[in-house]
Protein chains: 2
Amino acid sequence: MTKRVAAAGPGSSREKILEVAEELFARQGFAGVSLADVASRVGLRKPSLFHHFPGKVALYAEVCEGVLARIAARVRPALDAPGLASLRLERAIGSLIDELAEHRGTARLLLRSLLEDDLFSAEDQARLVPLDRALAELVQSFQELLREGIESGEFRRVSLPDATQTVIGATVYHFASGEFGETLLGGPIFSAEAVARRKREVTAFIRAGLIDETAPLKSEGD
Amino acid sequence: MTKRVAAAGPGSSREKILEVAEELFARQGFAGVSLADVASRVGLRKPSLFHHFPGKVALYAEVCEGVLARIAARVRPALDAPGLASLRLERAIGSLIDELAEHRGTARLLLRSLLEDDLFSAEDQARLVPLDRALAELVQSFQELLREGIESGEFRRVSLPDATQTVIGATVYHFASGEFGETLLGGPIFSAEAVARRKREVTAFIRAGLIDETAPLKSEGD
DNA sequence: GTCTATACGATGATAGAC
DNA sequence: GTCTATCATCGTATAGAC
């Protein structure tokens, strides 16, 4: 109630800054973005940014939190739903891919944020704690789903962290791979066809690699 | 013969610069590294670097080329060997993981280089062409291996680019994931146990997801 | 309360003199 | 090969105009 300073309307400077910064951070990384560039694209002067954000790291943190919140909002329904773990897993991965495909900077921003842990000082890292916690929560829900599937006998007894990493690699890395990925595909990554094919391939791969087809009921030995 | 200016011995400034720069570029990315930092760690002043390299981008390009060359040297034997595609594939992935595990900055540097295509001007990109070509060659050999395996009936009829991306994600991304990966694993990424487990998990995943166990000979229908 | 002008200290890459 | 010098630009602080 007392948090918001004012009812900053849609299209306000604050939102435009976040929008522009999201694109730039995704494309050029934290260190590669200058606040002057952000400001000029918004149509402001550099120091004006400091009336909305206390500093570059705070802006970056808020951008990342927003992106992660969008992902979480999209993936959580599938993760938290009742039902077969294998179905929920496929729905969750499908939702994740949809989100990464619709907002083209998302995968890059997210992947970059994982690589930029050596760039921040101790007090800067404090600003990134909420981001880390939100990410940890999402990952934990995902691992919980894997664990349930293993216990119910739907999934093989894979290593939870390794399976998580493999899924992240197959989704986030792919849509972050930019020019390299497009050279590989021989065409755009984000076209409807390419996204649909990626979803099929990842789903098939996960299904074959994770789901234990030989033990559909309760068998545990091999 | 006429290329080398002098017989710069081992431990020369040039080699020390490359070594230090490799570590810093891996940890902080291209934009996050200052030449002053590189110089001071080598025991030089900033401008002295320019007597060894024409500029920051050239230094970066040479570092990346060296890292990729190490990988290629390690992976090529398995790729180019005769024999069953599935065996060669597993050996190649094993070699790749060994290389990524032994030189801890390698995965990060490589992954970052894929994300940093928006940071360079046209003439800067020209300096990165050899790197791109070397990478393309390696990827092409890998895809060739996949293609052979599909044609011989060993592998499922997966999308070559998508399967390649999945393997890169499962290997390069994993070993680049730094603090996040360690939080996930609950321990170090590069410990002997973690590396061995990763290799097992990836191999099992690839085996299940790629290799067509149901058609060991020539069947093509489903 | 929102934005701008000006300016500071630090650091960026690079030139030219020893 | 190395250092002194230079100049643009970095993120940030302050003071004031709408």
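Residue numbers begin at 1 in each chain, while the letters A, B, ... track the order of the sequences.
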Check every atom of C:dT4, D:dT12, D:dG1 against the side chain of A:His51 and return the nucleotide holding the closest atom. C:dT4

Say whether B:Ser177 and A:Gln165, considering side chains only, have a donor N or O and an acceptor N or O under 3.5 Å apart. yes

Please report, rounded to the nearest Å, how far the C1' atom of C:dA13 is from the CZ atom of B:Phe53. 16 Å

When we call it a touch if two heavy atoms are under 4.0 Å apart, what does A:Val33 touch: a base, just sugar-phosphate, or nothing? sugar-phosphate

Heavy-atom side-chain proximity of A:Ser159 to B:Arg200 below 4.5 angstrom: no

Atom CD1 of A:Ile17 and atom C1' of C:dC3 are separated, to the nearest Å, by 10 Å

What is the distance from CG of B:Leu59 to P of C:dG12, rounded to the nearest Å? 14 Å

Residue B:His52, side-chain atoms from C-beta onward, closest of D:dT2, C:dT14, C:dT4: D:dT2

Above 12 or not: heavy atoms from other molecules or residues under 6.0 Å from CZ of A:Arg133? no

Parallel, tilted or perpendicular: rings of B:Phe25 and B:Phe30 (30°, 60°): parallel

Between B:Ser48 and D:dG1, is there a side-chain N or O to OP1/OP2 distance below 4.0 Å? no

Check the phosphate of C:dC3 against A:Ser13, side-chain N and O only, distance under 4.0 Å to OP1 or OP2. Yes or no? yes

Nearest-Å distance for atom pair CG/P, residues B:Asp37 and C:dA13: 11 Å

For the pair made of NZ in A:Lys56 and P in C:dA10, what is the distance, rounded to whole Å? 18 Å

Side chain of B:Leu44, heavy atoms from C-beta onward: which of C:dT6, C:dA15, D:dT2 has the nearest atom to it? D:dT2

Do B:Leu114 and B:Leu135 have side-chain heavy atoms sitting under 4.5 Å apart? yes

Between CG of A:Leu119 and C1' of D:dC10 the distance, given in whole Å, is 14 Å

Give a yes/no answer on whether the side chain of A:Ser34 brings an N or O atom under 4.0 Å of OP1 or OP2 in D:dT9. no

Looking only at C:dT4, C:dA13, D:dC10, the nucleotide nearest the B:Leu35 side chain is C:dA13

Taking only N and O in the side chain of B:Arg45, is any of them less than 4.0 Å away from OP1 or OP2 of D:dT4? no

So, are A:Glu90 and A:Lys199 salt-bridged, with charged N and O less than 4.0 Å apart? no

What is the distance from NZ of B:Lys46 to C1' of C:dA13, rounded to the nearest Å? 8 Å

Quick one: the dot-bracket string of DNA chain D, using Watson-Crick and G-U wobble pairs with both distances under 3.5 Å, [ ] for crossing pairs and | for bases paired to another strand. ||||||.|||||||||||

Salt bridge present between B:Glu144 and B:Arg147 (N-O < 4.0 angstrom): yes

Rounded to whole angstrom units, what separation is found between the CG atom of A:Leu49 and the C1' atom of C:dT2? 12 Å

